[in-house]
Structures are given as structure tokens and as C-alpha cells.
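Counting starts at 1 for both ligands and their atoms, following the listed order.
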Amino acid sequence: MNNGKLIIVPTPIGNLKDITLRALEILKEVDFIMAEDTRTSGNLLHHFEIEKKMYPFHLNNEHVVLQKVVSELQAGKTAALVSDAGTPGISDPGFLLVRECIANGIEVECLPGATAFVPALVTSGLPCDKFYFEGFLPHKKGRQTRLKYLAELPETIVLYESPHRIEKCLNEIKEFFGENRQISFCRELSKKFEEIKRGTVTEVLNSMTENSFRGEMVVVIAGKEIVRKSKYNSEID
Ligand code: SAM
């Protein structure tokens with residue numbers, strides 16, 4: 001029997017025009033869609049006039065439905081995996097399903113498409129040849145340990161943060177990384193009120209208005225400057 005296929009389909013992070021032609025084609029063609037939130041993805045499908053069977057696949061049920069999805073794919077079906085926004089698997093459910101499919105010899109494909117960290121990183125003006133994607137920091141336990149670790153990294157760091165924790169997060173960056181660490185604060189990427197603030201963490205904090213704490217946000221942090229020694233032991237930068 002022919003194995004089916006799992007296709008990871010990125011969806012827009014704000015602007016619906018960011019859906020790709022391939023994404024629309026795949027969402028129309030697959031046998032069924034696994035969606036983080038069937039209501040959110042239902043609105044997207046409705047907007048693009050796509051009717052397709054959808055099943056929930058989220059953090060609270062992924063372990064339970066994993067085997068069922070794999071069985072369907074082994075029976076030759078093709079499924080798309082979507083999350084509420086952006087690329088599934090990137091701070092969203094997806095990893096477990098991808099790993100299980102690979103373990104069972106099922107083909108996995110990921111369409112290139114929308115994700116929040118790429119535009120945030122690329123517009124930061126900070127080096128993006130090497131970077132460290134942290135995603136969400138732990139909310140409580142282990143948060144400080146993580147911040148201390150990140151503060152020593154030489155690469156540009158990318159954080160996802162929720163609006164109700166952003167002020168705390170920026171203050172922690174000031175405390176752990178130093179008040180002069182450069183950051184880029186991106187809010188509402190691809191949306192009407194997209195905003196990017198660049199500067200030291202202190203400057204960005206001082207420039208925040210009430211609106212700055214609303215919406216979806218990514219923080220990009222400059223890596224720790226490493227003073228390298230030449231082989232003659234004189235400092236070079
Ligand atoms: N899978 C998504 C991706 O590929 O980027 C990320 C999903 S994660 C649950 C949601 C987080 O992504 C938000 O809290 C925010 O940090 C970031 N995010 C999503 N959309 C965004 C946007 N339009 N502007 C800024 N950040 C965004």
C-alpha cells in the first residue's frame with residue numbers, strides 16, 4: 001500500500017495576502033487538514049473559499065491523535081498541518097507529528113511561507129548570518145537561568161513574547177543583558193499597525209507607549225560582543 005504524505009502549510013501571520021499560491025493549492029487538494037484551532041483555520045479557509053475536512057491538532061491532544069493521523073497517512077491519505085498563524089512547528093504544534101511520520105516512513109514536506117521570526121530578524125539590522133532562536137522563554141521556572149544563558153551568546157537572539165509579559169521581558173533584558181544591549185522590538189508584523197523600534201533596550205523601553213504593549217511581538221537582541229584576540233594577543237573587533 002502506498003504511504004500518504006504530511007504537508008506542513010504556513011499560513012499568514014497577519015496579512016492574508018501572505019498566503020502562497022501553493023498553500024492554497026495544497027489546502028484544496030489534501031484529503032484532510034489538521035489545524036491547531038479549527039475555528040481560526042475555518043475562517044481562513046472560508047476567506048479563500050476552500051471547503052475541507054478539518055480535525056483539531058493542538059498541544060492538548062497531539063499525543064492522543066498522533067497515531068490516528070499516522071494510520072490515515074499509512075493508508076495512503078494526504079494531510080496538511082496548519083497552525084493559527086505562521087509555520088507549524090515554530091513555537092507551535094507540529095514537531096511530534098513530523099517525528100512520528102518520519103519514524104513510520106511517511107513523506108513529510110514543508111511549504112516555505114510566513115513566519116514571524118524571519119521578518120523580525122532581517123529588519124533588525126543586527127547580524128543575521130548566525131542567530132539563535134529561543135522562541136518563548138519559560139514563564140516562571142527556569143526563566144532566569146535561560147536569560148543568563150542567552151546573555152552570554154555571541155549570536156543575535158530571537159524571542160517570542162506575549163503582550164502581557166513584554167514589559168517584564170524588556171526589563172529582564174535590561175537586567176541580564178545590560179542597559180546598553182541593542183534590540184529590535186517588532187510588533188504586529190505584516191498588519192496595519194506594524195511597528196519596529198530599534199535601539200538600546202533602555203531607549204526602546206523609554207519609547208514605549210500604551211499601544212506598544214498590544215498585539216503580537218518579537219524581540220531581537222544583539223549577541224554579546226566578543227573581543228577576539230589575534231594570535232599576537234592584540235585586541236581586534
Ligand atoms: N508559528 C508561528 C511562526 O511561525 O512565527 C509562531 C506562533 S507563536 C504561538 C505566536 C508568537 O509569534 C506571538 O506571540 C509572537 O511572538 C509571534 N508572532 C506571530 N505573529 C506575529 C506578528 N504578526 N507580529 C509579531 N509577532 C508575531
Side-chain angles (χ1 to χ4, degrees), residues 6-20 22-23 26-27 33-41 43-44 47 56-62 80-99 108-126 128 131-140 143 146-147 150 156-170 172-173 183-198 201 204 208-209 211-221:
L6 174 70
I7 307 168
I8 315 295
V9 179
T11 54
I13 58 165
N15 191 325
L16 290 182
K17 289 182 188 159
D18 290 335
I19 193 91
T20 68
R22 266 183 89 201
I26 296 291
L27 292 173
I33 298 173
M34 305 299 301
E36 185 183 11
D37 182 334
T38 49
R39 220 168 45 172
T40 305
S41 301
N43 290 339
L44 183 82
H47 180 86
F57 186 84
H58 46 69
L59 288 176
N60 298 325
N61 80 345
E62 57 181 343
L81 176 68
V82 296
S83 61
D84 288 354
T87 301
I90 301 297
S91 296
D92 265 343
F95 158 67
L96 290 182
L97 184 56
V98 169
R99 185 175 67 178
V108 179
E109 186 181 356
C110 177
L111 305 191
T115 187
F117 80 87
V118 171
L121 175 66
V122 173
T123 57
S124 69
L126 297 167
C128 47
F131 63 93
Y132 188 94
F133 178 74
E134 172 71 4
F136 291 103
L137 287 164
H139 294 176
K140 290 195 177 100
R143 188 171 173 100
R146 216 52 219 154
L147 284 160
L150 295 173
T156 302
I157 298 145
V158 185
L159 292 184
Y160 282 173
E161 194 49 281
S162 64
H164 65 276
R165 248 182 246 105
I166 191 64
E167 195 170 5
K168 174 178 181 228
C169 174
L170 293 178
E172 288 168 332
I173 294 171
I183 69 163
S184 178
F185 171 76
C186 301
R187 206 171 63 80
E188 298 286 81
L189 288 165
S190 82
K191 302 186 196 176
K192 189 172 175 198
F193 296 108
E194 173 168 326
E195 178 185 38
I196 304 180
K197 290 173 181 286
R198 306 177 185 86
V201 61
V204 171
M208 300 291 263
T209 62
N211 279 342
S212 314
F213 300 108
R214 296 203 179 114
E216 310 229 58
M217 39 203 70
V218 182
V219 183
V220 185
I221 313 170

Open item on the list: Determine whether a donor-acceptor pair (N or O, by modelled atom type, separation under 3.5 Å) exists between the side chain of Thr87 and the backbone of Val9.
Closed with: no
Open item on the list: Closer than 4.0 Å to some heavy atom of Lys191 - which atoms of ligand 1 meet that?
Closed with: 23 (N)
Open item on the list: Starting from atom 3 (C) of ligand 1, what is the nearest protein heavy atom, named by residue and atom, and what distance separates them?
Closed with: Thr115 OG1, 3.3 Å
Task: Glu62/Arg99 ion pair, N-O < 4.0 Å - done: no
Open item on the list: Tell me the nearest of Ile166, Leu159, Ile90, Leu59 to atom 1 (N) of ligand 1, using heavy-atom distances.
Closed with: Ile90
Task: Shortest protein contact, atom 25 (C) of ligand 1 (heavy atom only) - done: Glu216 O, 3.3 Å
Open item on the list: Give me the residue, atom name and distance of the protein heavy atom closest to atom 22 (C) of ligand 1.
Closed with: Leu189 N, 3.6 Å
- [ ] Using distance alone, determine whether Thr87 and ligand 1 share an N or O pair under 3.5 Å.
- [x] yes
- [ ] Give, for atom CG of Leu97 and atom CE of Met34, the distance between the pair rounded to the nearest 0.5 Å.
- [x] 7.0 Å
Task: For atom 26 (N) of ligand 1, the protein heavy atom that lies nearest, with its residue and separation - done: Val218 CG2, 3.3 Å
Open item on the list: Within ligand 1, which atoms have a heavy atom of Glu161 less than 4.0 Å away?
Closed with: 14 (O), 16 (O)
Task: Parallel, tilted or perpendicular: ring planes of Tyr160 versus Phe136, cut at 30 and 60 degrees - done: perpendicular
Open item on the list: Donor-acceptor check, side chain of Ser190 to backbone of Asn15, threshold 3.5 angstrom: yes or no?
Closed with: yes
Task: Heavy-atom proximity to atom 14 (O) of ligand 1, best of Tyr160, Phe133, Phe136, Phe117 - done: Phe136
Open item on the list: Between ligand 1 and Ala85, can you find any atom pair, the residue atom being a heavy atom, that is separated by under 4.0 Å?
Closed with: yes
- [ ] Give the residue, atom name and distance (to 0.1 Å) of the protein heavy atom nearest atom 16 (O) of ligand 1.
- [x] Met217 O, 2.6 Å
TODO: Would you confirm whether Arg22, through its side chain, and Gly113, through its main-chain N or O, come within 3.5 Å as a donor-acceptor pair?
DONE: no
Task: Heavy atom of the protein closest to atom 17 (C) of ligand 1 (residue, atom name, distance) - done: Ala116 CB, 3.8 Å
Task: Region of Asp92 that comes within reach of ligand 1 [heavy atoms, distance under 4.0 Å] - done: side chain
